[in-house]
Amino acid sequence: MERQVKRRTSPAEDTGSEVSEEERLKDQREKEELEQHLKERDAAGTRKLTEHKLTRREEEEAIRRSTAQENDDIQPLRKVSRQEYLKKREEKKLEELRDDIEDEQYLFEGVKLTEAEYRELRYKKEIYELVKKRAEEADNVNEYRMPEAYDQEGGVNQEKRFSVAMQRYRDTNAEEKMNPFAEQEALEEHQIGKATLKYGSKNKKQAADDYQFVFEDQIDFIKASVTDGDNFDYEEMEDSLEKSRAKSALEALKEERKKLPIYPYREELLQAIRDHQAWFFPASVLVIVGETGSGKTTQIPQYLHEAGYTKRGMIACTQPRRVAAMSVAARVSQEMGVKLGHEVGYSIRFEDCTSEKTILKYMTDGMLLREFLGEPDLASYSVVMVDEAHERTLSTDILFALVKDIARFRPDLKLLISSATLDAEKFSDYFDSAPIFKIPGRRYPVEINFTKAPEADYLDAAIVTSLQIHVTQPPGDVLVFLTGQEEIETAEEILKHRTRGLGTKIAELIICPIYANLPTELQAKIFEPTPEGARKVVLATNIAETSLTIDGIKYVIDPGFCKMKSYNPRTGMESLLVTPISKASAMQRAGRSGRTGPGKCFRLYTAYNFHNDLDDNTVPEIQRTNLANVVLTLKSLGIHDLVHFNFMDNPPAEALLQALELLFALSALNTSGELTKVGRRMAEFPVDPMLSKMIVASEKYKCSDEIISIAAMLSVGNSIFYRPKDKQVHADNARMNFHTGNVGDHIALLKVYTSWKETNYSTQWCYENYIQVRSMKRARDVRDQLAGLLERVEIELTSNPGDLDAIKKSITSGFFPHFARLQKNGSYQTVKHPQTVNIHPSSGLAQVLPRWVVYHELVLTTKEYMRQVTELKPEWLVEIAPHYYQLKDVEDAGSKKMPRGEGRAQ
DNA sequence: GAGCACTGC
């Protein structure tokens with residue numbers, strides 16, 4: 001038989017191929033032995049073999065001995081791995097059989113045996129079958145190759161080779177599917193584990209070439225590309241950092257600043273900012289493209305300050321997230337050697353850490369937007385830098401339009417838009433061909449892998465891939481992007497199940513779920529450093545894409561999906577849909593693996609999918625959200641023609657019209673679309689217009705104290721009640737306590753808040769009532785802010801806790817467009833724009849089904865649901881919103897007075 | 001009797 005041995009140079013590997021020959025002979029002998037044994041046994045009838053029965057310990061000892069002995073052989077690992085493998089499998093099979101067979105007897109081809117006999121025979125038979133199968137296959141291809149690692153060039157895919165033989169073991173425990181050696185090799189290569197001594201470590205190269213008991217549904221990846229790392233001398237940097245540590249802290253920081261990739265561009269950048277001023281666009285605009293790690297966020301404001309721009313006003317730098325604004329400000333204040341909050345400060349909601357001295361101000365984009373309300377020309381700023389512009393948050397998009405607008409009469413204003421590479425051209429076009437200034441980043445190369453074929457079940461594929469990485473790739477943590485909490489929990493369970501009982505066979509796998517709703521103390525787990533020899537798998541939602549950075553991630557698994565909110569302006573219905581991500585998002589995810597060293601990204605879709613099916617960029621938020629708040633903000637800034645307003649991407653006209661219509665109905669706008677006095681007051685509150693209307697209206701009903709509590713609770717969303725899987729009944733009972741008297745969800749929320757307040761904001765109380773402390777604290781912050789704003793718009797803080805009707809009337813004043821009527825079948829119909837909806841099962845009124853309800857929001861999940869529902873009297877509608885409802889809309893309420901409870905569903 | 005991407009003001 002012709003043998004092909006490719007790319008083999010070491011003598012050990014050469015002898016390896018001979019061993020396979022030798023092994024066949026050995027297997028042949030075993031086969032003969034087996035046959036002999038069966039013959040003998042048949043001759044002896046069903047004689048008892050108990051005297052031959054080995055104890056479990058003896059068996060283990062025997063295996064250990066053979067392992068040890070074979071470690072001295074030239075090709076030891078194959079045999080051992082197989083034995084181990086078969087033994088494990090046999091045990092499993094025996095377990096299954098045990099239930100079916102009586103008297104501890106085992107059948108082998110119709111003959112009753114003891115367990116030990118049975119095991120031995122089966123084991124020999126298995127080897128025989130495997131060898132036979134392999135020989136047949138080898139004959140078929142008329143060549144025989146030594147097994148090689150599956151990803152080696154010219155190698156044989158062992159999994160495929162043995163796919164027929166392995167077929168019958170599908171769905172068995174994953175432990176059988178593991179290849180301990182790839183892991184071993186990885187560990188050896190990095191010389192960090194001593195656990196690797198278990199199997200012959202003399203010849204570590206052989207390990208990779210040996211059998212791979214890889215996972216059944218192993219996924220084939222194609223290495224598509226390697227993103228460029230940047231030409232940056234890391235060693236030199238490390239070197240100089242080392243040196244600079246010796247100096248004083250401030251000196252060291254100054255040294256570090258000079259090592260940032262942006263530093264060489266300092267003069268050029270300042271020149272560009274100074275010079276660019278086109279006649280058709282008075283203010284200077286510069287689009288800055290800089291990858292993460294270039295130092296643009298921390299350095300550019302400092303350069304501008306050093307160049308004297310702060311003499312004319314502050315430098316604002318906006319961030320999409322609060323933590324970013326805070327941490328960057330802290331860093332810059334260190335670098336400048338000033339106290340945080342003095343020359344360098346930050347401004348985020350609930351926290352203004354600035355003073356009169358402040359010249360560099362880091363802030364969230366939403367915060368700058370609110371500052372526009374008080375200072376429509378941003379007179380106190382000389383420079384505005386919109387950072388992370390490529391994220392296209394609702395606030396950045398509006399900021400763009402606004403800064404572009406004010407630039408017309410503020411020629412002295414310098415605008416900097418910093419973005420990732422992908423959209424730079426688009427930003428430049430939007431700002432009338434503003435020049436693009438590129439700064440290299442500090443990235444490591446990332447290898448991108450696509451699957452060969454599309455994966456039908458991405459969750460399963462993600463799990464298999466992460467295990468594959470775990471056993472075949474060098475150390476480094478894995479980050480898996482999943483769509484939501486439920487998926488993460490499922491994945492966690494499956495992973496735990498598949499790795500359970502593996503013991504020392506593979507390195508420890510630490511599974512860390514992370515999503516925004518996860519209690520903070522559990523979130524902390526992902527930041528704990530991975531113990532030596534173990535590997536961390538982080539199962540994350542989109543939160544890991546931008547919001548938080550986990551050190552040590554080397555591998556990213558990207559199934560290509562995320563949950564995205566979409567909004568239907570016609571029905572006013574929101575829904576969260578699992579959607580394919582964009583190319584930009586895929587790149588961002590891949591980049592998460594290359595932060596601390598070269599990384600690898602495994603995409604669970606094909607290169608074709610990537611190029612043809614994914615959008616270039618995620619649809620900007622402004623095109624898929626309720627615009628009522630945006631419109632109110634813009635109107636209060638004096639922008640009237642919203643349809644022709646220069647957005648970078650225009651929001652759907654339908655959404656704009658719907659928002660205008662709503663604001664008109666809430667009497668925030670008059671018939672000519674101008675802001676009314678009510679509208680002006682409403683715009684002060686950083687909440688949705690219906691909520692702000694409710695607050696403004698509470699003045700009339702003397703219950704502003706209660707209403708702002710409700711508004712605060714509603715605005716923190718649906719993360720108040722905590723419902724762990726194992727204690728759902730308790731959690732539901734605790735929740736129903738707040739619904740006594742069927743007061744409705746709004747009042748129930750108020751009860752939750754006041755109860756918490758009465759316990760002096762007790763954390764313990766929250767635990768006892770299955771309430772999320774974090775959400776409550778947030779509600780308290782919101783409430784405090786709303787209380788402060790009440791004063792500003794001169795609404796007295798009045799409490800009227802006993803008068804539930806007053807509270808409900810205030811709610812009606814804001815939410816009258818959200819009105820629904822019970823139908824005969826137990827569902828509801830919205831009154832103004834008729835559509836069928838249901839009460840969300842989490843509502844306290846889900847079983848009660850009042851005839852008329854007002855709801856806070858509509859969500860489309862499995863059905864169209866109303867979330868946060870309260871019973872109302874229909875006549876209030878005509879009283880409170882006569883311009884919106886006429887008597888005929890609600891007439892059957894007056895004519896057919898129903899006894900209480902009539903509307904109850906049967 | 002069901003489902004909770006992520007931010008931000």
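Order of the sequence lines sets the chain letters (A, B, ...), proteins ahead of strands, with each chain counted from 1.
Counting any heavy atom pair closer than 4.0 Å across all strands shown, A:Y865 reaches sugar-phosphate atoms only and no base atom. Among the protein residues, A:I348 comes within range of the sugar-phosphate backbone only, with heavy atoms under 4.0 Å from sugar or phosphate atoms but none that close to a base. Note on A:S842: nothing from the nucleic acid sits closer than 4.0 angstrom, heavy atoms only. Among the atoms of the strands shown, base atoms are found under 4.0 Å from some heavy atom of A:R349. Nucleic acid contact class of A:R723 (heavy atoms, under 4.0 Å, all strands): base. Nucleic acid contact for A:I543: sugar-phosphate only, since backbone atoms but no base atoms lie under 4.0 Å from a heavy atom of the residue. Note on A:A846: nothing from the nucleic acid sits closer than 4.0 angstrom, heavy atoms only. Using a 4.0 Å heavy-atom distance criterion, A:S547 is classed as a sugar-phosphate-only contact. When heavy atoms are screened at a 4.0 angstrom cut-off, A:T861 is found touching the sugar-phosphate backbone but no base atom. Contacts of A:D732 with the nucleic acid, taken as non-hydrogen atoms under 4.0 Å apart, include base atoms. In this structure, A:R392 reaches neither bases nor backbone, as no heavy-atom distance under 4.0 Å exists between it and the strands shown.
The side-chain tip of A:R589 points at the ring of A:F481 from less than 6.0 angstrom away and within 45° of straight on. With a 6.0 Å cutoff to the six-membered ring centre and a 45° limit on the axis angle, A:R867 does not count as a cation-pi contact of A:Y855.
A donor-acceptor distance shorter than 3.5 angstrom exists from the side chain of A:S843 to the backbone of A:L845, with no hydrogens or angles considered. Side chain of A:D457 to backbone of A:L459: a donor-acceptor contact under 3.5 angstrom is found.
Take the nearest nucleotide of DNA chain B for A:F350 and for A:Y515: the residue whose nucleotide is more 5' is A:Y515. Where A:M564 and A:R735 meet DNA chain B, the nucleotide closest to each residue was compared, and A:R735 sits on the side nearer the 5' end.
Ring geometry, A:F427 versus A:F400: the interplanar angle exceeds 60°, so the pair is classed perpendicular (tilted spans 30 to 60°).
Mapping heavy-atom proximity under 4.0 Å, the span of DNA chain B touched by chain A runs 5' to 3' from B:dG1 to B:dC9.
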Verdict with reasoning, A:D397 to A:F647, per side-chain contact (heavy atoms from CB on, under 4.5 Å): CA-CA 7 Å; A:D397 264 24; A:F647 289 108; 5.6 Å; no
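With 3.5 Å as the limit, one finds no donor-acceptor pair spanning the side chains of A:S827 and A:T836. Side chains of A:D732 and A:Y770: a donor-acceptor N/O pair is absent below 3.5 angstrom, by distance only.
At a non-hydrogen distance threshold of 4.0 Å, A:T364, A:G366, A:M367, A:R370 from residues 363-375 of chain A come into contact with DNA chain B.
Nucleotide B:dC4 is shown with a syn base, its glycosidic torsion being within 90° of 0.
Residues satisfying the ring-ring contact (aromatic ring centres under 6.0 Å, His included) criterion with A:H840, sequence neighbours excluded, are A:Y865.
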